[in-house]
Undergrad: 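The structure that follows is given in the form of structure tokens.
All values derive from a computational prediction rather than experimental measurement.
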Amino acid sequence: MAALVSDSLAKENKDKASENSTAQVIGGHGTNSYSNNSSYQRLSANVVTKKIEDAIMKNLDVETLSSTSNIFRVADFGCGVGSNTINSMQDLLQIVEKKYISQCPTSSQMPEFQVIFNDQFTNDFNTLFTYLPQDKQYLVASVPGSFHNQVLPKSSLHLAHCSYSLHWLSRLPKELRDERSPAWNKGKIHYTSAPPEVLMAYATQFAEDLDDFLSARGREMVSGGMVVIVGSSIPDGMPYSQVVNGIMYDCMGSILMDMVKTGSISEADVDAFNLPIYACPPGEFIEGVERNGLFSIEVIELMNPAPWLKGPIDIPVFVKHVRAAMEGMFSNHFPRKAIDELFDHLVLKLSDISQQLESCYRDGLQLFAILKLK
């Protein structure tokens, strides 16, 4: 973090960093990069591959969609860096091709396929494209920008995909850092174990973001187009402190407050920082979609994101995955040395409670939804 010339300037810069904190994964091919530490995310996404195929085969009318254009466009919103998004898009294209063969057996040729990769302007698209196969049978484009806004031309998109991205808030509610607000999140970095006013502030911001996301896709998509959403969730009414991520966020906050006591960071640093992450329960998600009114819900269910997880959690590997996905947010706010200290202590703290973490892996923490534009 750059040297600060005054306390007031420091507070202003921290507020801006916190307000603008969104997903910023580590790019490149380094040891701590997201591209080398995202296998857990891929395994969780793989859980729904068959369900996506079933939904497309049942609900996507490719004959009608192809009647107005010979180009079929697929977009991954919040693509990140690495091979996960490439593999997901290739899986989708194979399913769409299968649907074309099934629904249009007499067609002389397949449409041209175009895959669009979307993420923040800071995303490392250069590294992403090194994972593209040389023999790919589709056109490729990257479109940087927030998926809470329209990023593609009107009525140009047929199939949208968003996996483990929608839980990132577009911004943090300002009341989290307002000492006069009941939602002031003093000494904490998330709504886990926080007062109900903090949770409500997060939920309200997510509802606004979801509406923006759906409205943007509604403008971009052709009538009958589909949106596939996979991401973090939690059963309605369950406290977030009962799931692995919630326990981890509490540990992060506790570690940061311990670092305040040793002088590594200031208490004001912690009070000004909050993780822009919200796991939306299905009830709130359904309400948001219905309130927006542009899409019908074809499929929605909660799933176990890690049925493949057997035996003890490898805590150091787990933390490396977490760091690859989240370090960008911390680096906007804390010095590098403090970030290293945080994640080093996180390995130790989570190792001490590894059995508790293992007992918290359960069904119902992954949302799977298929939406169709009316």
Undergrad: Within the 4.5 Å heavy-atom criterion, are Val230 and Leu367 side-chain neighbours or not?
TA: no
Undergrad: Check whether any side-chain heavy atom of Tyr164 sits under 4.5 Å from a side-chain heavy atom of Asn84, and report yes or no.
TA: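 Result no, sub-4.5 Å side-chain heavy-atom pair not found.
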Undergrad: Between Met110 and Leu60, is there a shared hydrophobic cluster once you connect ILVMFWY residues whose side-chain heavy atoms come closer than 4.5 Å?
TA: yes
Undergrad: Of the options His158, Glu220, Gln114, which is the one that meets Arg73 in a side-chain hydrogen bond (donor to acceptor under 3.5 Å, both in side chains)?
TA: Gln114
Undergrad: Do Asn292 and Ser215 have a side chain donor and acceptor closer than 3.5 Å?
TA: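 Yes - a donor-acceptor pair under 3.5 Å links their side chains.
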Undergrad: I'd like to know if the side chain of Gln103 and the backbone of Val62 have a donor-acceptor N/O pair within less than 3.5 Å.
TA: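 Present.
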Undergrad: Who pairs with Asn70 by side-chain contact (heavy atoms from CB on, under 4.5 Å), at least two apart in sequence or on another chain?
TA: Gln109, Pro111
Undergrad: Run the numbers on His190 and Asn274 for side chain to side chain contact (heavy atoms under 4.5 Å, CB included), then give the verdict.
TA: CA-CA 6 Å; His190 193 245; Asn274 289 277; over 6 Å; no
Undergrad: Kindly give the heavy-atom pair with the smallest separation between Phe77 and Ala160, and that separation in Å.
TA: CE1-CB, 3.7 Å
Undergrad: Under a 3.5 Å distance rule, please check whether Ser181 uses its side chain to pair with a backbone N or O of Asp178 as donor and acceptor.
TA: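 No; zero donor-acceptor contacts below 3.5 Å.
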Undergrad: Hey, mind stepping through Asp54 and Lys50 against salt bridge (Lys or Arg N to Asp or Glu O under 4.0 Å) and telling me if it holds?
TA: CA-CA 6 Å; Asp54 292 342; Lys50 183 61 169 63; 2.7 Å; yes
Undergrad: Would you say that more than 12 heavy atoms from the other residues, nucleotides or ligands in this model lie under 6.0 Å from the NZ of Lys136, or not?
TA: yes
Undergrad: Check the pair Phe213 / His148 against ring pair (Phe, Tyr, Trp, His ring centres under 6.0 Å), numbers first and verdict last.
TA: CA-CA 4 Å; Phe213 175 87; His148 296 108; 7.1 Å; no
Undergrad: Taking all non-hydrogen atoms of both residues into account, name the closest pair between Asp61 and Lys99 and its distance.
TA: N-NZ, 4.4 Å
Undergrad: I'd like to know whether Met326 forms a side chain to side chain contact (heavy atoms under 4.5 Å, CB included) with Met252, so could you lay out the CA-CA distance, the side-chain angles of the two residues, the decisive distance to 0.1 Å, and finally the verdict.
TA: CA-CA 12 Å; Met326 299 177 67; Met252 286 179 171; 4.3 Å; yes
Undergrad: Can you classify the ring geometry of Phe125 versus Phe129 as parallel (below 30°), tilted (30 to 60°) or perpendicular (above 60°)?
TA: tilted
Undergrad: Pair Tyr191, Tyr249 - check ring pair (Phe, Tyr, Trp, His ring centres under 6.0 Å), show working.
TA: CA-CA 9 Å; Tyr191 62 83; Tyr249 299 154; 8.2 Å; no
Undergrad: Surrounding CE of Met200 (heavy atoms of other residues, nucleotides or ligands, distance under 6.0 Å), is the total greater than 12?
TA: no
Undergrad: Count I, L, V, M, F, W, Y as connected when their side-chain heavy atoms are under 4.5 Å apart, and connections chain through other members. Are Leu302 and Ile297 then in the same cluster?
TA: yes
Undergrad: What are the two closest heavy atoms between Ser170 and Asp209, and how far apart are they?
TA: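 So the two residues come closest at OG-OD1, 2.6 Å.
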Undergrad: Between Lys374, Arg217, Lys372, which is the residue that forms a side chain to side chain contact (heavy atoms under 4.5 Å, CB included) with Phe295?
TA: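 Looking at Lys374, Arg217, Lys372, the match for Phe295 under the side chain to side chain contact (heavy atoms under 4.5 Å, CB included) is Arg217.
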Undergrad: With a 4.5 Å heavy-atom cut-off, do Leu275 and Phe330 have their side chains touching?
TA: yes
Undergrad: I need the full list of salt bridge (charged side-chain N to carboxylate O under 4.0 Å, His left out) pairs touching residues 184-195, with sequence neighbours left out, sorted by first then second residue.
TA: Lys186-Glu267, Lys186-Asp271
Undergrad: Considering all heavy atoms of both residues, which atom of Met221 and which atom of Leu373 are nearest to each other, and what is their separation?
TA: O-CD2, 3.5 Å
Undergrad: Could you check if a side-chain atom of Leu128 sits within less than 4.5 angstrom of a side-chain atom of Ile86, using non-hydrogen atoms only?
TA: yes
Undergrad: Kindly indicate whether the side chain of Arg177, heavy atoms from C-beta on, has any atom under 4.5 Å from the side chain of Phe273.
TA: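 Heavy-atom side-chain distance check fails, nothing below 4.5 Å.
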Undergrad: What pairs with Glu290 under side-chain hydrogen bond (donor to acceptor under 3.5 Å, both in side chains), at least two apart in sequence or on another chain?
TA: none
Undergrad: Please check if Tyr131 and Val74 belong to a single hydrophobic cluster, counting links between Ile, Leu, Val, Met, Phe, Trp and Tyr side chain heavy atoms closer than 4.5 Å.
TA: yes
Undergrad: The criterion is side-chain hydrogen bond (donor to acceptor under 3.5 Å, both in side chains); which residues satisfy it with Asp250, sequence neighbours excluded?
TA: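 Asp250 satisfies side-chain hydrogen bond (donor to acceptor under 3.5 Å, both in side chains) with Ser193 once adjacent residues are dropped.
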Undergrad: So which atom in Ala201 and which in Ala183 form the shortest heavy-atom distance, rounded to 0.1 Å?
TA: CB-CB, 4.4 Å
Undergrad: Taking side-chain hydrogen bond (donor to acceptor under 3.5 Å, both in side chains) as the test, write out the residues that go with Lys51, two or more places apart.
TA: Glu301
Undergrad: Please step through side-chain hydrogen bond (donor to acceptor under 3.5 Å, both in side chains) for the pair Gln356 and Ser354, ending with a clear verdict.
TA: CA-CA 5 Å; Gln356 179 185 357; Ser354 60; over 6 Å; no
Undergrad: Decide, yes or no, whether a salt bridge links Asp340 with Arg336 under the criterion of side-chain N to carboxylate O below 4.0 Å.
TA: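 A salt bridge links Asp340 with Arg336.
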Undergrad: Has Ser69 got a side-chain atom pairing as donor or acceptor with Ser66's backbone, closer than 3.5 angstrom?
TA: no
Undergrad: Could you check whether Ser88 and Asp91, counting side-chain N and O atoms only, form a donor-acceptor pair closer than 3.5 Å?
TA: no
Undergrad: Checking His333 side chain against Met329 main chain: does a donor-acceptor pair fall under 3.5 Å?
TA: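 Looks like no, no N/O pair under 3.5 Å.
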Undergrad: Distance-only, no hydrogens or angles: does the Asn118 side chain make a donor-acceptor pair with backbone N or O of Asp76 under 3.5 Å?
TA: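 Here the side-chain-to-backbone pair does not exist.
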Undergrad: Any donor-acceptor pair under 3.5 Å linking the side-chain atoms of Tyr138 with those of Glu112?
TA: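 Note: Glu112 and Tyr138 side chains miss the donor-acceptor criterion.
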Undergrad: So do Leu132 and Val140 actually touch side chain to side chain, heavy atoms under 4.5 Å?
TA: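 They are in contact (side-chain heavy atoms under 4.5 Å apart), so the answer is yes.
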Undergrad: Taking the side chain as C-beta and beyond, is there a heavy-atom pair between Pro173 and Thr204 under 4.5 Å?
TA: no
Undergrad: If you group Ile, Leu, Val, Met, Phe, Trp and Tyr by side-chain heavy-atom gaps below 4.5 Å, do Ile52 and Met57 land in one group?
TA: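 Different clusters.
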Undergrad: Start with the C-alpha distance between Lys98 and Glu53, add both sets of side-chain angles, then the distance that settles salt bridge (Lys or Arg N to Asp or Glu O under 4.0 Å), and finish with yes or no.
TA: CA-CA 9 Å; Lys98 181 178 179 180; Glu53 179 177 351; 2.5 Å; yes
Undergrad: Check whether Asp269 reaches the backbone of Ser266 with its side chain - one donor and one acceptor, N or O, closer than 3.5 Å.
TA: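 Pair found, side chain donor or acceptor close to backbone of Ser266.
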Undergrad: Once you round to the nearest 0.5 Å, how far does CD of Gln355 lie from CD1 of Ile353?
TA: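 So the CD of Gln355 and the CD1 of Ile353 are separated by 11.0 Å.
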Undergrad: State, without any angle test, whether Glu63 and Tyr100 hold a side-chain donor-acceptor pair at a distance under 3.5 Å.
TA: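 On atom types as modelled, these side chains do not qualify, holding no pair under 3.5 Å.
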Undergrad: For Ile255, which residues count as a side-chain contact (heavy atoms from CB on, under 4.5 Å) partner, sequence neighbours excluded?
TA: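 Partners of Ile255 by the side-chain contact (heavy atoms from CB on, under 4.5 Å) criterion, ordered by chain and then number, come out as Met259, Leu342, His345, Leu346, Lys349.
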Undergrad: Give the minimum heavy-atom separation between Ala338 and Ile265, together with the two atoms involved.
TA: CB-CG2, 3.8 Å
Undergrad: Do you reckon Phe318 sits in the same ILVMFWY cluster as Ile339, going by side-chain contacts under 4.5 Å, direct or chained?
TA: yes
Undergrad: Determine, stepwise, if the pair Ser264 / Glu341 fulfils side chain to side chain contact (heavy atoms under 4.5 Å, CB included).
TA: CA-CA 9 Å; Ser264 298; Glu341 184 177 349; 3.1 Å; yes
Undergrad: For side chain to side chain contact (heavy atoms under 4.5 Å, CB included), just list the numbers for Asp211 and Arg291, CA-CA rounded to whole Å, side-chain angles, deciding distance to a tenth of an Å, and then say yes or no.
TA: CA-CA 8 Å; Asp211 189 67; Arg291 185 167 54 247; 5.6 Å; no
Undergrad: Angle class for the Tyr278/Phe206 ring planes (parallel below 30°, perpendicular above 60°, tilted otherwise)?
TA: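 Tyr278 and Phe206: tilted rings.
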